[in-house]
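Working notes for the structure below.
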Amino acid sequence: MTEDTLSATSITNNLGTRFIGRRVLYYPSLTSTMEVAKEEARQGAVEGTVVIADEQTGGRGRLKRAWLSPRGNIALSIILYPSLSCLSSLIMLASLAVVHSIESTTGLKPQVKWPNDVLIKGKKVCGVLIESDVQRTKVSYSIIGIGINVNLKLADFPEIQPVATSLSDELRKEVSRLSLVRHLLVEVERLYLTLSAGGSLYEEWRSSLVTLGKKVRVTADETVYEGVAESVARDGSLLLRSLDGKLTKIVAGDVTLRD
Ligand code: BTN
C-alpha cells in the first residue's frame, strides 16, 4: 500500500475554517498527541491548534487503556477553550464530527456506541478521548483526542481484530487520510460554532447511538451494571434500567453490547 503523506501545510491550505486547524503541529512520530497538545494549551496556544502524528508510541485511550496507533491511521488532538456550559457536549461534538466526516469521505455509515466510540458494523473504527482542565467555574482548556483506524490491516493486529475494524478493511481499498482529516476539522468547527451559539447536538447524537434499547453491561468506577440502555440525558449520561426496574444514571463508563 502507498501511504498518503500528511503535513501541516497540506492540512491547513484552503481549509476554509475560521480557527480549527489554522495552526497545525505535525509529527512523523510522537509518544501521544495528547501530551503535546496539553503542553501547548498550558502555554496558551491559539484555539483550534491541531497536534497530529503519523504514529504514536504511547497512545492513550479512555479508562487508562493504551491506544494502538501505528502508521496509516489518524491520531490527532485539538485544543479548545470552551465555556463550562459546552463542556459536556464535546463528547457529542467529537463523535458526530467523526461520523459525518467518515460518511462524506467514504460513504460508509458509522454509528456511535455510548459515549463516543464510533463503530462500523458493530466494530470500533474510532475512539475519542477528551481531557479538560477546569478551575472553579472556568475551563482552562479542553483537548479532544481522536484516533481513527484508517489504513490499518486488522489481520496484522490479531489482538484487536475481533472488536476493531478500519476504513480500508471495510472498503477493501486505501482511504486518503488527508481528505478525512480536512473534512473532520471543518466538521468540528461547524459543530463547535453551533454549540457556542447556544445550539444543541443532543438529538442528533442520541439518534446516532447504537446502544439505546439494547441489553448492555456497563463498567463504571469498577462497578459492573447490567440492564437495558434506556436513554441518554442531555448532559450525555447513560440511563440504564436494571432487571429490578431501577434506573441508574451513569456519567462515564465502558459499554459492552450483549445482544
Ligand atoms: C478510546 O477509545 O479509548 C479513546 C482513544 C483515543 C485515541 C486518540 S489518538 C489521538 C489522541 N492521542 C492519544 O494518545 N489518544 C488520543
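Note that ligands are numbered from 1 as they come in the structure, with each ligand's atoms numbered from 1 the same way.
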- Message: Hydrophobic cluster membership, with links at side-chain heavy-atom distances under 4.5 Å among I/L/V/M/F/W/Y: are Ile143 and Ile74 in one?
- Response: no
- Quick check: does any side chain N or O of Asn73 sit under 3.5 Å from a backbone N or O of Val150, one acting as donor and the other as acceptor?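 Checking the backbone N and O of Val150 against the side chain of Asn73, a donor-acceptor pair under 3.5 Å is found.
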- What do the steps show when you test Glu47 against Tyr192 for side chain to side chain donor-acceptor pair (under 3.5 Å), and what is the final call? CA-CA 12 Å; Glu47 182 162 50; Tyr192 189 57; 2.8 Å; yes
- Can we say Arg23 and Glu40 salt-bridge, meaning some charged N sits less than 4.0 Å from an Asp/Glu carboxylate O?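 So Arg23 pairs with Glu40 through a salt bridge.
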- Message: I'd like to know if Arg258 and Glu226 make a salt bridge, using a cut-off of under 4.0 Å between side-chain N and carboxylate O.
- Response: yes
Can you tell me which residue and heavy atom of the protein come closest to [atom], and the distance to 0.1 Å?
| atom | result |
| --- | --- |
| atom 2 (O) of ligand 1 | Lys124 NZ, 2.6 Å |
| atom 15 (N) of ligand 1 | Arg60 O, 2.7 Å |
| atom 1 (C) of ligand 1 | Arg62 N, 3.5 Å |
| atom 11 (C) of ligand 1 | Thr33 OG1, 3.2 Å |
| atom 5 (C) of ligand 1 | Trp67 CE3, 3.4 Å |

Below 4.0 angstrom from a heavy atom of [X], which ligand 1 atoms are there? Numbered from 1 as shown, please.
| X | answer |
| --- | --- |
| Asp117 | 2 (O) |
| Ser32 | 12 (N), 13 (C), 14 (O) |
| Gly59 | 14 (O) |
| Gly61 | 1 (C), 3 (O), 4 (C), 5 (C) |

- Query: If you measure every N/O of Ser69 against every N/O of ligand 1, is any gap under 3.5 Å?
  - Reply: no
- Under 4.0 angstrom from ligand 1, any heavy atom of Met34?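 Right, Met34 reaches ligand 1.
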- Among Leu96, Leu90, Leu93, side chain to side chain contact (heavy atoms under 4.5 Å, CB included) partner for Val188: Leu93
- Query: Between Gln56 and ligand 1, which residue portion shows a heavy-atom distance shorter than 4.0 Å: side chain, backbone, both, or neither?
  - Reply: side chain
- Message: At under 4.0 Å between heavy atoms, is it the side chain or the backbone of Leu63 that contacts ligand 1, or both, or neither?
- Response: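 No part of Leu63 comes within reach of ligand 1.
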- Query: Does atom CG of Asn13 have more than 12 heavy-atom neighbours from other groups under 6.0 Å away?
  - Reply: yes
- Message: Can you confirm whether more than 12 heavy atoms, excluding those of Asn14, are under 6.0 Å from its CG atom?
- Response: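 12 or below, so no.
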- Evaluate the criterion side chain to side chain donor-acceptor pair (under 3.5 Å) for residue pair Tyr26 and Asp54; output intermediate values, then yes/no. CA-CA 8 Å; Tyr26 161 77; Asp54 276 330; 2.4 Å; yes
